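A short worksheet on the structure shown next.
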Protein chains: 2
Amino acid sequence: MTKNEIQEQRMRGYFIDATRTILKGEGLKAISVRNIAREAGYSYATLYNYFKDVKDLVFECVCDFQEECSEYVSKMTSEEAPGIRKIRAISIAYMKYFVEYPGIFELFFIEKPTDLATRQPTVARINTFLDRLCEEDWELVIQRGLLSEDKRQELARQLKYLTTGMLVFYLHRREDIEYKEFFNNAQRQFSALFAETI
Amino acid sequence: MTKNEIQEQRMRGYFIDATRTILKGEGLKAISVRNIAREAGYSYATLYNYFKDVKDLVFECVCDFQEECSEYVSKMTSEEAPGIRKIRAISIAYMKYFVEYPGIFELFFIEKPTDLATRQPTVARINTFLDRLCEEDWELVIQRGLLSEDKRQELARQLKYLTTGMLVFYLHRREDIEYKEFFNNAQRQFSALFAETI
DNA sequence: TTAAAATATTAACAATGTTAATTATATTTG
DNA sequence: CAAATATAATTAACATTGTTAATATTTTAA
């Protein structure tokens, strides 16, 4: 990396950090070019020297958030025994992360990139994220002969749609329930989902 | 209803119709006060004599869309035999409606009302919508003794979250699949969901 | 037919994303 | 080291957004 590239990456980092701060705090609706620039300590037009547009910048945060969420999930599920029970714990922790940071949920699942083609890698990462979090444990369950490869794919998909669906209803307040009830319900959903898999 | 009330309802209707047209056509992102007013044939400020704000107007369309969707579903599932198979057909038709009108999906599940408290009835209607579409057939399945009341609630919830989750991923292009593959996948999800219920 | 009330429209404001013009800073060259 | 050039940051500007205040118009009442 040349000296210029280092400086450029540093500048991008300032804007990305600012964007992350706002997304985690006031959320996606509070994101604006001027807001980000103020948080980063630069003028709003400077942003356009380093990013195509504000959506481009916002989607740049996805990888960092995924890493953060991974750690969050790891810490919350470390003492859970590997296997199906761990997959459940991971899914709950994953949902708790988004409940804690609704702005990140909006970014991951609601916001549309300006140009889908160039953002395809990012979008693909989002799509496979929960699967990757559970990867180890899915493998384990298959090794133990509790699940076929096909059944694993099917369950993983259901898990993906279920978690996202529940989060949509809860975060967008389509059902009138509290935090505790929400996660009780999530546990019940998972029980039903994994019922056959003992 | 007094003469004034009739006129007021008529005016509200003009704006609601205009909003529905835009939502069904260019979608929620194309909704703007000036757009709606142009479509309705009035000035943009006139809107505020009949609605608190633009979100208030937009959420006024929910009931009409639900009726429209109900008819859409009825027509698409009329020759299906009542019971679980019909519930599956209804769910597929329901999803097809939103795939045809993504703007209506955004309104139903993504958009947040300005004041949740006053919009609680509307939001509750959205939450229970799919359930109401399937009501008859759920009852039938229970009457036939194929399902307990508890199991019905559980399945209905899973169905609700699954459909919404799938639609989020598809409409927001988080997974790179086409129309046909999407509904094939949906069918597979439903097969798994209803597997125990033969 | 005129006075009053109701209703619609234009003007205005603050905030948004983005681009062009301009200023300030670094870098290169004589 | 100083002057010329290239780079990068800032302010100005524009179009669009939702909403409110100030006007103009139409309808109703006297």
Side-chain angles (χ1 to χ4, degrees), chain A residues 1-19 22-23 25-61 103 106-107 110-116 118-119, chain B residues 1-19 22-23 25-61 103 106-107 110-116 118-119:
Chain A
M1 209 158 24
T2 104
K3 198 169 68 177
N4 263 1
E5 280 172 342
I6 290 174
Q7 287 173 355
E8 174 158 347
Q9 285 309 312
R10 188 152 33 212
M11 285 297 286
R12 287 174 62 93
Y14 295 152
F15 284 109
I16 290 173
D17 286 346
T19 306
I22 296 170
L23 276 173
E26 302 153 80
L28 188 63
K29 67 189 179 315
I31 286 287
S32 81
V33 182
R34 287 164 175 82
N35 243 346
I36 294 169
R38 189 181 323 119
E39 180 78 29
Y42 285 91
S43 170
Y44 50 87
T46 307
L47 191 151
Y48 290 91
N49 291 329
Y50 299 94
F51 301 92
K52 194 168 66 59
D53 53 34
V54 68
K55 285 209 176 169
D56 194 42
L57 167 52
V58 156
F59 273 96
E60 278 292 308
C61 304
E106 301 297 311
L107 165 58
I110 309 300
E111 190 75 352
K112 286 192 179 172
T114 313
D115 181 25
L116 186 62
T118 64
R119 271 297 163 201
Chain B
M1 210 161 22
T2 106
K3 197 170 67 176
N4 263 1
E5 281 172 342
I6 290 174
Q7 288 174 354
E8 174 158 349
Q9 285 309 312
R10 185 147 40 208
M11 284 297 286
R12 286 175 62 93
Y14 295 151
F15 284 108
I16 289 172
D17 286 346
T19 306
I22 297 169
L23 276 173
E26 303 154 79
L28 187 63
K29 68 191 180 314
I31 287 286
S32 80
V33 182
R34 286 163 177 83
N35 244 347
I36 294 169
R38 188 181 324 120
E39 180 78 30
Y42 285 91
S43 169
Y44 50 86
T46 307
L47 193 151
Y48 290 92
N49 292 329
Y50 299 95
F51 301 92
K52 193 169 66 59
D53 54 36
V54 68
K55 286 212 175 165
D56 193 43
L57 167 53
V58 155
F59 273 98
E60 278 293 307
C61 303
E106 302 296 311
L107 165 57
I110 309 300
E111 189 75 353
K112 285 192 180 172
T114 315
D115 180 24
L116 186 62
T118 64
R119 271 296 162 200

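Residue numbers begin at 1 in each chain, while the letters A, B, ... track the order of the sequences. Since this is a predicted model, take the numbers as computed values, not measurements.
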- Item | cation_pi(R119(A), F59(A)) dist<6.0 Å, angle<=45 | no

- Within 45 degrees of the axis of the six-membered ring of Y50(A) and under 6.0 Å from its centre: does R12(A) put its NZ or CZ there? no

- Message: Looking at Y48(A), I'd like to know whether one of its side-chain N or O atoms comes within less than 4.0 Å of OP1 or OP2 on dT18(C).
- Response: yes

- Where is the tightest heavy-atom contact between N35(A) and A30(A), given as atom of each residue plus distance? ND2-O, 2.7 Å

- Distance-minimising heavy-atom pair for Y48(B) and V33(B): OH-CG2, 3.6 Å

- Degree of bending in the helix from dT1(C)-dA30(D) to dG30(C)-dC1(D) once both end axes are built from five pairs, to 10°: 20°

Rounded to whole angstrom units, what separation is found between the [atom1] atom of [X] and the [atom2] atom of [N]?
| X | N | atom1 | atom2 | value |
| --- | --- | --- | --- | --- |
| D56(B) | dG18(D) | CG | P | 14 Å |
| K29(A) | dT17(D) | NZ | P | 22 Å |
| I6(A) | dA8(D) | CD1 | P | 14 Å |
| R34(B) | dT9(C) | CZ | P | 14 Å |
| Y14(B) | dA8(C) | OH | C1' | 15 Å |
| E8(B) | dT28(D) | CD | C1' | 17 Å |
| D53(A) | dT16(C) | CG | P | 16 Å |
| Y42(B) | dT25(D) | OH | P | 17 Å |

State the [atom1]-[atom2] distance between [X] and [Y], to the nearest 0.5 angstrom.
| X | Y | atom1 | atom2 | answer |
| --- | --- | --- | --- | --- |
| I36(B) | D17(B) | CD1 | CG | 12.0 Å |
| E39(A) | I31(A) | CD | CD1 | 9.5 Å |
| L28(B) | L107(B) | CG | CG | 6.5 Å |
| L47(A) | D53(A) | CG | CG | 9.0 Å |
| E111(B) | T114(B) | CD | OG1 | 8.5 Å |

- Message: Please evaluate residues Y14(A) and T19(A) with respect to the criterion side chain to side chain contact (heavy atoms under 4.5 Å, CB included), reporting the C-alpha separation (whole Å), side-chain torsions for both, the decisive distance (0.1 Å), and the verdict.
- Response: CA-CA 9 Å; Y14(A) 295 152; T19(A) 306; over 6 Å; no

Using a 4.0 Å heavy-atom cut-off across all strands, classify [X] as base, sugar-phosphate, or nothing.
| X | result |
| --- | --- |
| L57(A) | nothing |
| I36(B) | nothing |
| S32(B) | sugar-phosphate |

- Message: Can you tell me which nucleotide in dT9(C), dT20(D), dG18(D) comes closest to the side chain of Y44(B)?
- Response: dT20(D)

- Message: Is there a side-chain contact between M11(A) and T46(A) in this structure, where contact means two heavy atoms from C-beta onward sitting under 4.5 Å apart?
- Response: yes

- Message: Can you tell me how the ring of F15(A) sits relative to the ring of Y42(A), calling it parallel under 30°, perpendicular over 60° and tilted otherwise?
- Response: tilted

Which atoms of nucleotides 22-24 of chain C (N or O only) lie under 3.5 Å from a protein N or O atom, and what are those distances?
none

Using the 3.5 Å cut-off, write out each protein N or O paired with an N or O of nucleotides 5-7 of chain C and the distance between them.
none

- Quick one: on DNA chain C, does A30(A) or A45(B) contact a more 5' nucleotide (nearest heavy atom)? A45(B)

